[in-house]
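Inspection log for the structure reproduced underneath, given as structure tokens.
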Amino acid sequence: MTDSTRYPRLSRIDSPSDLRSFSEAELPDVARELREYLIEQVAGVGGHFGAGLGVVELTVALHYVYHTPDDRLVWDVGHQCYPHKILTGRRERIHTIKQAGGLAPFPRRDESEYDTFGVGHSSTSISAAIGMAIAAQGQRKVVAVIGDGGLTGGMAYEALHHGGALDTDVLVILNDNQMSISENVGALPKMLARLMTSRTLNAMREKAKNSMRPHGVLWRFFKRWEEHLKGMFVPSTLFEEFGFHYFGPIDGHDLPQLLQALKTLKDLKGPQLLHVITTKGKGYAPAEAQQIDYHAVGPFDPIKGLVKKAPGKQTYTDVFGDWLCDQARADARLLAITPAMREGSGLVRYSKEFPQRYFDVGIAEQHAVTLAAGMACEGAKPVVAIYSTFLQRAYDQAIHDVALQNLDVTFAIDRAGVVGPDGATHAGSFDLTYLRCIPNLAIAAPSDENECRRLLTSAFLHEGPAAVRYPRGSGAGAKLEAELKPLPIGKAEVRQRGARLAILAFGSPLAAALAVGAELGATVVDMRWVKPLDEALILDLARTHGAIVTVEDNAIAGGAGSAVAEYLSAQNIQIPILPLGLPDSYLEHASREQLLAEAGIDAVGVRTAILQRWPQYAPMRTSEIRSAV
Ligand SMILES: Cc1ncc(C[n+]2csc(CCOP(=O)(O)OP(=O)(O)O)c2C)c(N)n1
């Protein structure tokens, strides 16, 4: 239960209508309690932190002025939604966020009527809000809240372009904190900064004008100067050119100012854009000072703040980051691209060591991939570092711009397979399926860290498009070879020779396959390549074994197991196949281990599935062996 002594106001808010029963004068206190509660709760369980702190006042003001849930509030990305969840009846459950059975990490339509649109991926809010506003036919208000990071995504411009030409009533709030996960990049932050400057200049100008004698010498000089500067500093904004009425910028932590602006905008007709300036991490000094570190956090002591952890086990992300630096040193043609995920993709060191060969393009996955294609046309060897879930955004670019032209682009796909607490929106369940059907593209799935390094080298040296997909977190801790030594493309490795049953493992499930294979006396293969498959080996195994099991951390539908089955049926070979992998449903938020177990691709799951299908493969107990002898 929320402590009503510490949170006398917040503890009484179970829905926005409770919030609306407070007077405007009390709202700053509500906001203060909300912020303190947020800090306490997220510190307890971990989660997205800085973005939520930055929108505390905005969230209070929006739910106060608008009649949610009838009016629609659409959050972009949704990582800033914790204050929104707290005010909309989920206060007592906020400590369960991201955990199995707990609140979802992002807004979700089936969790609350206040979550109007499911999110997790960025730059969707303006499109969704315009769609809602069109369908609402003026019956309700619709507001989208998008960050300056979210606004670097191409979809946002497609929506502005379309929405600005309609007379639909929609309000877009640009929450400008100058940060994406890392510093926001490109021309947009500069444009937004110019808008801020022009505002300051306007204020200065008004002040100067008021202090002058009209029509004196100074006045005439001032008027000329003003005309001259107008064009330079008060640009007609991009938003206005698109047909949106632009308001702001205003201080997004000043509640009275926010309330006034929203009340005015609420009744205006047509597309409006309100530019709000906020500070990521607002109200918690360490988070304001270290905005990148506090974007998302594990549990921490709010008095001490985040403490530097002793370096843990090397992750696949670290392996990639180190490989990239080594490979870049070995080949000056290497250029690395990230769509706004420098930290998450392991590019921090590379960005410092090779600043001229490092490209953070913003949250622009489509551009990232076609940019790589362009570089490859001119003889560069680009590496696109991208999460499996975000590569979905650039699917056509991967086909049409890269693979169709057989361009030499390497995709380093992180967070492939089971991702965990970030939930369904961030699961890397589909990449093998959606990449496998693309002609020309080679696809590798390493089973340990050293193999990851070697397969990245193979993919890079391959003169054509190639992808290496690896999971979140660390593996068994394989020792890394310093040398950049490729593995042959399309060649698997038999890790254990057995009889009757052959287990073909793709990527990190190899460890589970080896454990089960040892117990059941099965042949176990580290397949390494999903495309091209080691067809000769598969043929040989099918001829010498009674059954085949495939294991992968990708959707079974269309995944690596499908590739094996397709190949064998094309060869007219009939052999029982048991495909293990991710189910035809979305994996919800839970720990990685929980999800692997739920999908049945950990050792217990693999063993159970095999023995359910073929009880005869059960290992003989000692007593049975004795009686058989
Ligand atoms: C399509 C897509 N690519 C990458 C991400 C990863 N991501 C999550 S939040 C974020 C930064 C968002 O910045 P902004 O919209 O300004 O919000 P802020 O965190 O600054 O409040 C990124 C890149 C994502 N969610 N979606």
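We count ligands from 1, going down the list as the structure has it; atoms in each ligand are counted the same way.
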- Task: Mind running salt bridge (Lys or Arg N to Asp or Glu O under 4.0 Å) on Arg72 and Glu113 for me, showing each step along the way?
- Result: CA-CA 10 Å; Arg72 308 293 198 221; Glu113 58 182 336; over 6 Å; no
- Message: Determine whether the aromatic ring centres of residues Phe49 and Phe300 are separated by less than 6.0 angstrom.
- Response: yes
- Message: Is it the case that the ring center of Phe106 lies less than 6.0 angstrom away from the ring center of His426?
- Response: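 Yes, they do, as the ring centres are separated by less than 6.0 Å.
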Ligand 1 atoms in contact with [X] (distance to a heavy atom under 4.0 Å):
| X | answer |
| --- | --- |
| Ala51 | 19 (O), 21 (O) |
| Gly120 | 24 (C), 25 (N) |
| Asn177 | 18 (P), 20 (O), 21 (O) |
| Met341 | 6 (C), 23 (C) |
| Glu365 | 1 (C), 2 (C), 3 (N), 4 (C) |

Note the single closest protein heavy atom to [atom], along with its residue, its atom name and the distance in Å.
| atom | answer |
| --- | --- |
| atom 11 (C) of ligand 1 | Ser180 OG, 3.3 Å |
| atom 20 (O) of ligand 1 | Met179 O, 2.7 Å |
| atom 26 (N) of ligand 1 | Ser122 N, 2.9 Å |
| atom 23 (C) of ligand 1 | Ile363 CD1, 3.5 Å |
| atom 5 (C) of ligand 1 | Phe390 CZ, 3.2 Å |
| atom 15 (O) of ligand 1 | Gly150 N, 2.8 Å |
| atom 16 (O) of ligand 1 | Gly149 N, 2.6 Å |

- Message: For Tyr66, does the six-membered ring have the charged nitrogen or CZ of Lys266 within the cation-pi criterion, i.e. under 6.0 angstrom from the centroid and within 45° of the normal?
- Response: yes
- Query: In terms of the angle between their ring planes, are His295 and His79 parallel, tilted or perpendicular, with boundaries placed at 30° and 60°?
  - Reply: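 His295 vs His79 ring planes: tilted.
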- Task: Could you walk me through whether Asp553 and Arg472 pass salt bridge (Lys or Arg N to Asp or Glu O under 4.0 Å), step by step?
- Result: CA-CA 11 Å; Asp553 54 349; Arg472 179 181 177 194; over 6 Å; no
Mind checking whether [X] has an N or O less than 3.5 Å away from an N or O of ligand 1?
| X | answer |
| --- | --- |
| Arg393 | no |
| Ile181 | no |
| Ala340 | no |
| Lys280 | yes |

- Knowing that exactly one of Leu73, Leu58, Ile13, Asp71 qualifies, which makes a side chain to side chain contact (heavy atoms under 4.5 Å, CB included) with His63? Leu73
- Do Leu587 and Ser429 have side chains that get closer than 4.5 Å, going by heavy atoms? yes
- Query: Tyr358 versus Thr338: any side-chain heavy-atom pair under 4.5 Å?
  - Reply: yes
Answer yes or no for [X]: is there a heavy-atom contact with ligand 1 below 4.0 Å?
| X | answer |
| --- | --- |
| Gly54 | no |
| Pro339 | no |
| Gln80 | no |

- Query: Distance from Ser508 atom OG to Leu596 atom CG, nearest 0.5 Å?
  - Reply: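 Rounded to the nearest 0.5 Å, the OG-CG separation comes to 7.0 Å.
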- Message: Any carboxylate oxygen within less than 4.0 angstrom of a Lys/Arg side-chain nitrogen, looking at Asp169 and Lys141?
- Response: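 So Asp169 does not pair with Lys141 through a salt bridge.
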- Task: Decide side-chain hydrogen bond (donor to acceptor under 3.5 Å, both in side chains) for His275 and Tyr246; before the verdict, give the C-alpha distance in whole Å, the side-chain angles of both, and the deciding distance to 0.1 Å.
- Result: CA-CA 7 Å; His275 186 179; Tyr246 170 86; 2.7 Å; yes
